[in-house]
Amino acid sequence: MTKSIKKFILAEKQHMTQVFDKDGVVHPVTVVSSGPMVVTQVKSKSKDGYDSVQIGYGTKAPKNISKALKGHMKDLGEFRHMREFKTDLSFNVGDKLEPSQFVEGDVVTVTSISKGKGFQGVVKRHGFAGGPRTHGQKHSEREPGSISGNTRNGGRVPKGMRMAGRMGGDTITQKNLKVIGFDDQGQILISGAIAGRRGTLVAIKA
């Protein structure tokens with residue numbers, strides 16, 4: 001059974017820094033900025049099979065929004081991002097959500113997309129050691145080695161074999177992070193490093 005969340009917002013990752021608490025202990029934090037969000041759809045268990053709320057965040061040029069989305073959003077705004085959160089709290093379409101619902105000390109779960117690193121070999125992607133420099137080898141330090149074998153899997157490459165390929169760009173969920181506080185601009189300071197580049201959309205829930 002999925003746990004219903006009580007607080008949720010969308011934000012954008014800005015940068016990392018460090019802050020000192022009242023005891024002089026330093027904490028590495030990620031700074032995320034957010035703004036007002038609008039409820040664009042409310043789903044109920046009786047009608048849709050589950051309870052959830054869809055929210056819109058950010059702005060987008062009207063010419064870049066499809067007619068289907070324009071009809072869905074009606075006159076609520078032109079949103080750049082739309083996400084759905086499962087919750088049994090009561091909302092109405094058009095309600096606004098503010099980042100101020102989070103307070104210092106809240107334990108949150110953060111979901112974002114990690115940095116894309118392009119096509120990488122097995123040493124960087126999976127931490128392979130590579131082959132020896134000597135013993136008849138010349139330029140094979142970073143090669144993957146055998147990927148099949150005569151007896152294993154009938155000589156075919158088995159499913160799930162770790163090989164070179166595109167690395168990064170994955171959806172990463174980090175749990176048990178803590179809201180350290182807010183800065184002078186109202187941006188949220190969250191403990192630790194949040195996955196993604198600057199500007200990455202971040203979903204924060206508690």
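Note that the numbering runs from 1 along the sequence shown for the chain.
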A.B. asks: Side-chain heavy atoms under 4.5 angstrom apart, residues restricted to Ile, Leu, Val, Met, Phe, Trp, Tyr: same cluster for I204 and V19?
C.D. replies: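 Cluster IDs for I204 and V19 differ.
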A.B. asks: Between R83 and L201, what is the shortest heavy-atom contact and its length?
C.D. replies: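 It is NH2-CD2, 3.3 Å.
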A.B. asks: Count the heavy atoms of every other residue, nucleotide or ligand shown that sit under 6.0 Å from CG of D23, and state whether that count exceeds 12.
C.D. replies: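 Atom CG in D23 is packed in, count exceeds 12.
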A.B. asks: Evaluate the side-chain proximity of V29 to T17: yes if any heavy-atom separation is below 4.5 Å, no if none is.
C.D. replies: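 A side-chain contact exists here, since the closest heavy-atom pair is under 4.5 Å.
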A.B. asks: Sequence neighbours excluded, which residues qualify as salt bridge (Lys or Arg N to Asp or Glu O under 4.0 Å) partners of D88?
C.D. replies: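 Salt bridge (Lys or Arg N to Asp or Glu O under 4.0 Å) list for D88, sorted by chain: K6.
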A.B. asks: Any chance you could lay out the side-chain contact (heavy atoms from CB on, under 4.5 Å) test for I9 and Y57, step after step, and finish with the verdict?
C.D. replies: CA-CA 9 Å; I9 60 168; Y57 169 69; over 6 Å; no
A.B. asks: Backbone N or O of M16 within a donor-acceptor pair of the T30 side chain at under 3.5 Å?
C.D. replies: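 Absent.
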A.B. asks: For a quick check under 3.5 Å, do S112 and T200 share a side-chain donor-acceptor pair by atom type?
C.D. replies: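 Result is no, nothing qualifies.
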A.B. asks: Taking all non-hydrogen atoms of both residues into account, name the closest pair between A11 and S34 and its distance.
C.D. replies: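 That would be CB-CB, 3.8 Å.
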A.B. asks: Are the side chain of R198 and the backbone N or O of Q14 linked by a donor-acceptor pair below 3.5 Å?
C.D. replies: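 Flag set: sc R198 to bb Q14 pair under 3.5 Å.
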A.B. asks: Any heavy-atom pair between the side chains of K117 and S114 that's under 4.5 Å?
C.D. replies: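 The answer is no; the side chains never approach within 4.5 Å.
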A.B. asks: Applying the side-chain contact (heavy atoms from CB on, under 4.5 Å) criterion to F79, which one of L69, I55, V38, L10 satisfies it?
C.D. replies: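 It is V38, the one option of L69, I55, V38, L10 that forms the side-chain contact (heavy atoms from CB on, under 4.5 Å) with F79.
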A.B. asks: Quick one: does any side-chain atom of T40 pair with a main-chain N or O of M73 as donor and acceptor, under 3.5 Å?
C.D. replies: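 No.
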A.B. asks: May I ask whether I5 and F102 are part of the same hydrophobic cluster, defined by side-chain heavy atoms of I, L, V, M, F, W, Y residues being less than 4.5 angstrom apart, directly or through others?
C.D. replies: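 Same cluster: I5 reaches F102 through Ile, Leu, Val, Met, Phe, Trp or Tyr contacts under 4.5 Å.
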A.B. asks: Provide the closest heavy-atom pair for G121 versus A164 in the form atom of the first, atom of the second, distance.
C.D. replies: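 Smallest heavy-atom distance, with atoms named: CA-CB, 3.9 Å.
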A.B. asks: So if you build clusters from Ile, Leu, Val, Met, Phe, Trp, Tyr with side-chain heavy-atom gaps below 4.5 Å, do M82 and V93 land together?
C.D. replies: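 M82 clusters together with V93.
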A.B. asks: Do K43 and Y50 have a side chain donor and acceptor closer than 3.5 Å?
C.D. replies: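 Short answer, yes.
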A.B. asks: State, without any angle test, whether T59 and E78 hold a side-chain donor-acceptor pair at a distance under 3.5 Å.
C.D. replies: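 Side-chain D/A pair, T59 to E78: absent.
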A.B. asks: Counting C-beta onward and ignoring hydrogens, is there a side-chain heavy-atom pair between M163 and P144 closer than 4.5 Å?
C.D. replies: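 No, every pair of side-chain atoms sits at 4.5 Å or beyond.
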A.B. asks: More than 12 heavy atoms of other residues, nucleotides or ligands under 6.0 Å from NE2 of H139: yes or no?
C.D. replies: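 Not more than 12 within 6.0 Å, no.
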A.B. asks: Is it the case that one hydrophobic cluster holds both I190 and V103, taking links as side-chain heavy atoms less than 4.5 Å apart, direct or via other members?
C.D. replies: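 Different hydrophobic clusters.
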A.B. asks: When you look at E12 and H81, which way does the side-chain contact (heavy atoms from CB on, under 4.5 Å) test go after all the steps?
C.D. replies: CA-CA 11 Å; E12 292 182 359; H81 305 289; 4.3 Å; yes
A.B. asks: Please step through side-chain contact (heavy atoms from CB on, under 4.5 Å) for the pair L177 and I194, ending with a clear verdict.
C.D. replies: CA-CA 9 Å; L177 302 182; I194 294 176; 4.3 Å; yes
A.B. asks: May I ask you to check whether H72 and Q54 show a side-chain donor-acceptor distance below 3.5 Å?
C.D. replies: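 Result is yes, a qualifying pair exists.
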A.B. asks: Do F128 and R162 touch side chain to side chain, with heavy atoms closer than 4.5 Å?
C.D. replies: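 The answer is yes; the side chains approach within 4.5 Å.
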A.B. asks: Quick check against the 3.5 Å criterion: does K13 have a side-chain atom that pairs as donor or acceptor with the backbone of G196?
C.D. replies: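 Such a contact is found between K13 side chain and G196 backbone.
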A.B. asks: Would you call I180 and E104 a side-chain contact if the rule is heavy atoms closer than 4.5 Å?
C.D. replies: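 The answer is no; the side chains never approach within 4.5 Å.
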A.B. asks: Between the main-chain N or O of V110 and the side-chain N or O of K205, is there a donor-acceptor pair closer than 3.5 Å?
C.D. replies: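 Side chain of K205 to backbone of V110: no pair is present.
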A.B. asks: What is the distance from atom OG1 of T111 to atom CZ of F85, rounded to the nearest 0.5 Å?
C.D. replies: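 If we round to the nearest 0.5 Å, T111:OG1 and F85:CZ are 8.0 Å apart.
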A.B. asks: Which atom names give the shortest non-hydrogen contact between V39 and V42, and what distance separates them?
C.D. replies: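 Result for this residue pair: CG1-CG2, 3.8 Å.
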A.B. asks: Check whether any side-chain heavy atom of V179 lies under 4.5 Å from a side-chain heavy atom of V108, and answer yes or no.
C.D. replies: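 They are in side-chain contact.
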A.B. asks: Checking side-chain hydrogen bond (donor to acceptor under 3.5 Å, both in side chains) for the pair S52/E84: CA distance, chi angles, key distance, verdict?
C.D. replies: CA-CA 7 Å; S52 73; E84 188 175 294; 3.2 Å; yes
A.B. asks: Apply salt bridge (charged side-chain N to carboxylate O under 4.0 Å, His left out) to the pair K7 and D106, showing each step before the final yes or no.
C.D. replies: CA-CA 10 Å; K7 300 179 182 180; D106 279 347; 2.9 Å; yes
A.B. asks: Should L189 and V31 count as side-chain neighbours, where that means a heavy-atom distance under 4.5 Å?
C.D. replies: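 Heavy-atom side-chain distance check passes, below 4.5 Å.
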A.B. asks: Does R80, at its CZ atom, have more than 12 non-hydrogen atoms belonging to other residues, nucleotides or ligands within less than 6.0 Å?
C.D. replies: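 No, the 6.0 Å shell around CZ holds no more than 12 heavy atoms from other groups.
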A.B. asks: Are any side-chain N or O atoms of D21 and backbone N or O atoms of G24, one a donor and one an acceptor, separated by less than 3.5 Å?
C.D. replies: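 Checked: pair present.
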A.B. asks: Do Q174 and T109 make a side-chain contact, defined as non-hydrogen atoms from C-beta onward lying under 4.5 Å apart?
C.D. replies: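 No, their side chains stay 4.5 Å or more apart.
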